[in-house]
Amino acid sequence: DFEVTYFGGKCTVTVTANYEFEVVVPTDVAGWVKYQIQGAASNLVNFIVSAHDGYDARTAGIEIRLKDKELSETVTIVQGQKDAILLDEN
């Protein structure tokens with residue numbers, strides 16, 4: 001599991017698998033988490049998290065799974081909220 005500030009950032013996981021894998025980003029997360037696969041053996045997955053201007057933390061569950069198989073692991077990214085004090089005039 002990774003924690004990222006509201007400024008955004010990058011998280012990297014190393015995938016060790018004896019079969020081709022794929023990364024599945026849910027559609028509701030795809031707008032703020034992107035990924036790149038790199039490395040000589042294509043086993044590093046970099047997650048790039050965009051800045052967050054919301055006032056509530058948000059969580060992404062991203063699945064890394066073997067292609068054509070039922071075996072998978074989930075990477076969880078929690079991004080903190082933008083801290084603020086909001087006032088309404090009465």
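Values below: all heavy atoms of this structure, side chains included; hydrogens, waters and symmetry mates excluded.
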Going through the checks in order, is the side chain to side chain contact (heavy atoms under 4.5 Å, CB included) test met by H52 and K82?
CA-CA 7 Å; H52 178 38; K82 183 176 182 178; over 6 Å; no
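- No salt bridge links K67 with E22; every basic N to acidic carboxylate O contact stays at or beyond 4.0 Å.
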Walk me through whether V23 and F47 qualify under side chain to side chain contact (heavy atoms under 4.5 Å, CB included).
CA-CA 10 Å; V23 179; F47 295 101; 4.1 Å; yes
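- Minimum interatomic distance between Y6 and G80 (heavy atoms only, all atoms of both residues): CB-O, 3.4 Å.
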Audit row: E63, S72, side chain to side chain donor-acceptor pair (under 3.5 Å) steps and yes/no:
CA-CA 7 Å; E63 188 179 20; S72 68; 3.0 Å; yes
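- The hydrophobic clustering, which links ILVMFWY residues whose side-chain heavy atoms are closer than 4.5 Å, places V15 and I77 together.
- L44 and V4 fall into different hydrophobic clusters, where Ile, Leu, Val, Met, Phe, Trp and Tyr are joined by side-chain heavy atoms under 4.5 Å apart, directly or via other members.
- Within the 4.5 Å cutoff, the side chain of F2 has heavy atoms near those of the V13 side chain.
- You'll find the side chain of V45 reaches within 4.5 Å of the side chain of F21, heavy atoms only.
- Atom CZ of residue R58 and atom CH2 of residue W32 lie 5.0 Å apart, to the nearest 0.5 angstrom.
- Summarising the geometry, atom CD belonging to Q36 is positioned 4.0 Å from atom CD1 belonging to I48; distances are rounded to the nearest 0.5 Å.
- Applying the 6.0 Å contact sphere to CD of Q81 captures more than 12 heavy atoms from other residues, nucleotides or ligands.
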With side chain to side chain donor-acceptor pair (under 3.5 Å) as the criterion, how do N43 and T14 come out once you've worked through the C-alpha distance, each side chain's angles and the decisive distance to 0.1 Å?
CA-CA 6 Å; N43 64 339; T14 301; 5.6 Å; no
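- Taking the side chain as every heavy atom from C-beta outward, V49 and K10 never approach each other to under 4.5 Å.
- Taking the centre and axis of the six-membered ring of Y19, the NZ or CZ atom of K69 falls inside the cone set by 45° and 6.0 Å.
- Side-chain contact between T5 and Q79 is absent, with no heavy atoms from C-beta onward closer than 4.5 Å.
- By the 4.5 Å heavy-atom criterion applied to side chains, T74 and I62 are not counted as neighbours.
- A heavy-atom distance below 4.5 Å is not found between the side chains of V29 and T27.
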Y35 vs N46, side chain to side chain contact (heavy atoms under 4.5 Å, CB included): CA-CA, chis, key distance, verdict
CA-CA 5 Å; Y35 73 92; N46 295 314; over 6 Å; no
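- Around CG of D28, the count of heavy atoms belonging to other residues, nucleotides or ligands within 6.0 Å exceeds 12.
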